[in-house]
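As structure tokens, the structure follows; a few thoughts come after it.
On a predicted model such as this, the values are computed, not experimentally measured, just so you know. For reference, positions follow the sequence shown, starting with 1.
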Amino acid sequence: MRASWRVGEAVATLDLRLDPDDRAVSSGQEGARVRLAGTESRFEAEIGGTVHPDLFALLTLALAGPFIASRLDLDRGVSPEFADEVANALGFAVRPVDRSTSPRSSGGTIGISFGGGTDSTAAALALPANSPLIHLRRLSSRRVPNLHTRYRADVLEAVVKQFSGFGRQVHIGYSDCEFLVAAPHPTLASWPGIAAISILLADRLDLGGIAVGAVLGSAYMPNGRFREIPAGEAWRRLFDAVGLTLIRPVAGLTEVSTSRIVAASPYRGMTRSCTFGGPDAPCFSCMKCLRKELVVAAAAGREPDRRLLRNLTADHPVTRELVAGTAIPGLNVIEYLLNRVDLRGHPLEAAVERLRHPREDTEWVGRHFYPAIPENVPKRLRRDVTDAIHSVVEPMTPGDLELVRSWDSTSRFGPSADR
């Protein structure tokens, strides 16, 4: 693949060209099939000054890495150290190598890749209050049709802007980079792409680390089974190579616990997980709304919002997925919630009936998998992050840790009602 960057004070444009041995279709996040839908991506952000060439290389890899077969040819030379790390971590070459270019030096600030949802807000609460919140705001592409018209990037942007009223430093960058890849809707080929604006602003903001709101399911159970080594180790090495420690402060928590942390903070009621709803309310008809509302209902000991129950009819795709599904992503959280919310008389009751495990099996979902701290948080921050989490969420018991490490979503559901 060949990549070139055109850079100004407030706009950067990435142009891509596939080599004959590259692939236009590949595997993206969690093995999903993705295809390269575009060859140009535009970024509007307060870039200013210069950007280290290794940062441009890292960002290109985050956005288009799965489509590269053997090499990435850039329009600027990278440091030998970064080129070596790419070869070791991803197995292909980055060229040209400029032996006069030193690796990027680490800065003194932690940037938080911030979506305005519960998980990234909990991450922000666990880290120093002067850490800037950096948001990737989706723009429509000039060349690739928008097949995701329900996505409300404007609403998410408005949610993020609210945090500046609480003294938080907020930076918003605009990009159509999600239209580079389709599966079939706009998406990111690799999860580090969510930090695209953070990478681009790393020099200007003197970043020495980038935090993301990855939780237990995505960090340790991306395919429904627990893995001792958290997902994304190759990316961690690449971020380290450009002086950016990849920090995942809530990697030991589920959304049950991140919701509890946010509810106990000044940011209560400000977050938005749903990407479809308007400015006044979420859509109350998507999987994110179901999970979020079940979390709230379980915590309050009440039934879910009637708008959600009314929308999720028996033939609704979300209902059908839960009733007929097997290895559903985040099943640990779904099982925890369905065991704690009264859904009698609703079509979702069929999903509850398929759970053949006692309620006690999921108590760990509301606790902290504390072994994640040393693996995902720099040493100098570990005590503060742990204290922030444990002020609201209990650490797991030895029995909890054993259950987590043996978790396998594929065996959790009983047979469906029509079998």
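Nearest heavy atoms, Cys274 versus Cys286: SG-SG, 4.0 Å. Between Val34 and Ser27 the shortest heavy-atom distance is CG2-C, 4.0 Å. Considering all non-hydrogen atoms of both residues, Leu90 and Leu238 come closest at CD1-CD1, 3.8 Å. Taking all atoms of both residues into account, the shortest heavy-atom contact from Val78 to Ala57 is CG1-CB, 3.8 Å. The nearest pair of heavy atoms linking Arg150 to Ser285 is NH2-OG, 3.9 Å. The two atoms that bring Pro371 and Leu401 nearest to each other are CD-CD2, 4.0 Å, heavy atoms only.
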So Asp15 and Arg6, salt bridge (Lys or Arg N to Asp or Glu O under 4.0 Å) or not? Walk me through it. CA-CA 8 Å; Asp15 292 292; Arg6 290 172 278 139; 2.9 Å; yes
Does Arg302 form a salt bridge (Lys or Arg N to Asp or Glu O under 4.0 Å) with Glu293? I'd like the steps, not just the answer. CA-CA 10 Å; Arg302 62 164 174 79; Glu293 181 54 30; 2.8 Å; yes
Step by step, work out the side-chain contact (heavy atoms from CB on, under 4.5 Å) result for Leu63 and Leu16. CA-CA 11 Å; Leu63 297 175; Leu16 299 174; over 6 Å; no
Kindly indicate, with the supporting measurements, whether the criterion side-chain contact (heavy atoms from CB on, under 4.5 Å) is fulfilled by Thr386 and Tyr370. CA-CA 8 Å; Thr386 301; Tyr370 56 86; over 6 Å; no
From CA spacing to verdict: side-chain contact (heavy atoms from CB on, under 4.5 Å), Leu156, Arg137: CA-CA 8 Å; Leu156 299 180; Arg137 201 280 202 196; over 6 Å; no
Does the side-chain contact (heavy atoms from CB on, under 4.5 Å) test come out yes or no for Val333 and Leu216, once each step is laid out? CA-CA 10 Å; Val333 173; Leu216 184 63; over 6 Å; no
Before giving the answer on side chain to side chain donor-acceptor pair (under 3.5 Å), spell out for Glu375 and Tyr220 the whole-Å C-alpha distance, their side-chain angles and the decisive distance to 0.1 Å. CA-CA 11 Å; Glu375 295 177 333; Tyr220 288 91; 2.3 Å; yes
Quick one, Thr362 with Arg340, criterion side chain to side chain donor-acceptor pair (under 3.5 Å). Give me CA distance, side-chain angles, the key distance, then yes/no. CA-CA 10 Å; Thr362 56; Arg340 288 161 177 80; 3.1 Å; yes
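Rounded to the nearest 0.5 angstrom, Gln29 CD and Ser190 OG are separated by 7.0 Å. Here the OG1 atom belonging to Thr187 is positioned 12.0 Å from the CZ atom belonging to Arg35, to the nearest 0.5 angstrom. Rounding to the nearest 0.5 Å gives a distance of 8.5 Å between CD1 of Ile112 and CD1 of Ile247. Rounding to the nearest 0.5 Å places CG of Leu74 at 9.0 Å from OG of Ser4. Going from atom OG of Ser175 over to atom CG of Leu59 covers 8.0 Å, rounded to the nearest 0.5 Å. Interatomic distance, Phe82 CZ to Arg237 CZ, rounded to the nearest 0.5 Å: 12.0 Å.
Ser164 places a side-chain N or O within donor-acceptor distance of the main-chain N or O of Lys161, the cut-off being under 3.5 Å. Formation of a donor-acceptor pair under 3.5 Å by the His171 side chain with backbone atoms of Ala45 is not found in this model. In this structure a side-chain-to-backbone donor-acceptor pair under 3.5 Å is missing from Arg367 to Met396. For Ser41 (side chain) and Leu14 (main-chain N/O), no donor-acceptor pair under 3.5 Å exists by modelled atom type. A donor-acceptor pair under 3.5 Å is formed between the side chain of Asp206 and the backbone N or O of Gly108. With hydrogens and angles disregarded, a donor-acceptor distance shorter than 3.5 Å links the side chain of His52 to the backbone of Ser102. A donor-acceptor distance shorter than 3.5 angstrom exists from the side chain of Arg382 to the backbone of Pro374, with no hydrogens or angles considered. When atom types are taken as modelled, the side chain of Ser106 and the backbone of Gly243 share a donor-acceptor pair closer than 3.5 angstrom. The main-chain N or O of Ala202 is found under 3.5 Å from a side-chain atom of Arg104 such that the two form a donor-acceptor pair. Although no hydrogens or angles enter the test, the distance criterion places a donor-acceptor pair under 3.5 Å between the side chain of Asp54 and the main chain of Ser79.
Put simply, the side chain of Arg272 does not reach to within 4.5 Å of the side chain of Arg152, judged on heavy atoms. Inter-residue side-chain proximity for Pro128 and Leu381 is flagged as met; some heavy-atom pair is nearer than 4.5 Å. In this structure, the side chains of Thr258 and Glu255 come closer than 4.5 Å at one or more pairs of heavy atoms. Residues His368 and Ile373 meet the side-chain proximity criterion, which asks for heavy atoms closer than 4.5 Å. A heavy-atom distance below 4.5 Å is not found between the side chains of Thr109 and Leu205. Side-chain contact between Glu157 and Ile172 is present, with at least one heavy-atom pair separated by less than 4.5 Å. Residues Ser259 and Val262 form no side-chain contact, since every pair of their non-hydrogen atoms from C-beta on lies 4.5 Å or further apart. Contact of the Met287 side chain with the Leu322 side chain is registered, since non-hydrogen atoms from C-beta on lie closer than 4.5 Å.
A salt bridge does not link Asp240 with Arg236: none of the charged nitrogens is closer than 4.0 Å to a carboxylate oxygen. With respect to the salt-bridge test (charged N to carboxylate O, under 4.0 angstrom), the residues Asp176 and Arg143 do not qualify.
Open room surrounds CZ on Arg268; 12 or fewer heavy atoms of other groups in view lie less than 6.0 Å from it. In the displayed structure, Glu46 atom CD is contacted under 6.0 Å by at most 12 heavy atoms of other residues, nucleotides or ligands. Other residues, nucleotides and ligands contribute at most 12 non-hydrogen atoms within 6.0 Å of the CD atom of Glu402.
No option in Tyr336, Trp407, Phe369 other than Trp407 meets the ring pair (Phe, Tyr, Trp, His ring centres under 6.0 Å) test with Trp364.
In terms of the side chain to side chain contact (heavy atoms under 4.5 Å, CB included) criterion, residue partners of Leu343 (sequence neighbours excluded) are, by chain and number, Pro304, Leu309, Leu338, Val341, Leu348, Val352.
Aromatic ring pairs are classed by plane angle as parallel below 30°, tilted from 30° to 60° and perpendicular above 60°; the pair His148 and Tyr151 is tilted.
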